[in-house]
Amino acid sequence: MRRMLLGILIVTGFGGAYAASIPPIIHVQGRLTDGNGVNRNGGYSLDASIFDAASGGNLLWKKNFLAVNVSNGNFRLELENDDSSVNIQ
């Protein structure tokens, strides 16, 4: 199983009204290619991370997806906070 890293940034500078409207599941679609831009196929282990800034930010959430199917470079993930001790706002 190959391992790749996927970073997700959620900017929280819009105020409390928008924080309450963050969905419980974030749907992510992406494309995975090799160094030459060729679409990848197969099963991959992907890490998804959410930070509070574009650079130098704090890690808010991280999850490893062990068996992500990649077909013609395309993949889909559902980022769900299944840990009640983590409050992403």
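Since we're looking at a predicted model, the values are computed, not measured.
Between Phe65 and Ala48 the shortest heavy-atom distance is CE1-CB, 3.8 Å. Minimum interatomic distance between Asn41 and Gly73 (heavy atoms only, all atoms of both residues): OD1-N, 4.3 Å. Taking all atoms of both residues into account, the shortest heavy-atom contact from Asn69 to Phe75 is O-CB, 3.8 Å. Pairing each heavy atom of Arg40 with each of Val70, the nearest pair is O-CG1, 3.2 Å. Considering every non-hydrogen atom in both His27 and Glu78, the closest pair reads CE1-OE2, 3.3 Å.
The number of heavy-atom neighbours closer than 6.0 Å to CZ of Arg31, taken from other residues, nucleotides and ligands shown, is above 12.
Rounded to the nearest 0.5 angstrom, Ile26 CD1 and Trp61 CH2 are separated by 7.5 Å. The line from CG of Leu59 to CG of Asp52 is 9.0 Å long, rounded to the nearest 0.5 Å.
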With side chain to side chain contact (heavy atoms under 4.5 Å, CB included) as the criterion, how do Phe51 and Asn58 come out once you've worked through the C-alpha distance, each side chain's angles and the decisive distance to 0.1 Å? CA-CA 5 Å; Phe51 296 86; Asn58 298 305; over 6 Å; no

Just do the side chain to side chain contact (heavy atoms under 4.5 Å, CB included) check on Val28 and Leu79 with the steps written out, would you? CA-CA 7 Å; Val28 176; Leu79 308 183; 3.7 Å; yes

Side chain to side chain contact (heavy atoms under 4.5 Å, CB included) between Ser45 and Asn64, worked out: CA-CA 7 Å; Ser45 175; Asn64 177 257; 3.1 Å; yes

List the steps, then state whether side chain to side chain contact (heavy atoms under 4.5 Å, CB included) holds for Asp47 with Lys62. CA-CA 7 Å; Asp47 287 334; Lys62 182 176 182 178; 4.3 Å; yes

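With sequence neighbours excluded, the residues that form a side-chain hydrogen bond (donor to acceptor under 3.5 Å, both in side chains) with Asn72 are Asn39.
Side chain of Asn36 to main chain of Val38: no donor-acceptor pair is present (N/O by atom type, distance under 3.5 Å, no hydrogens or angles).
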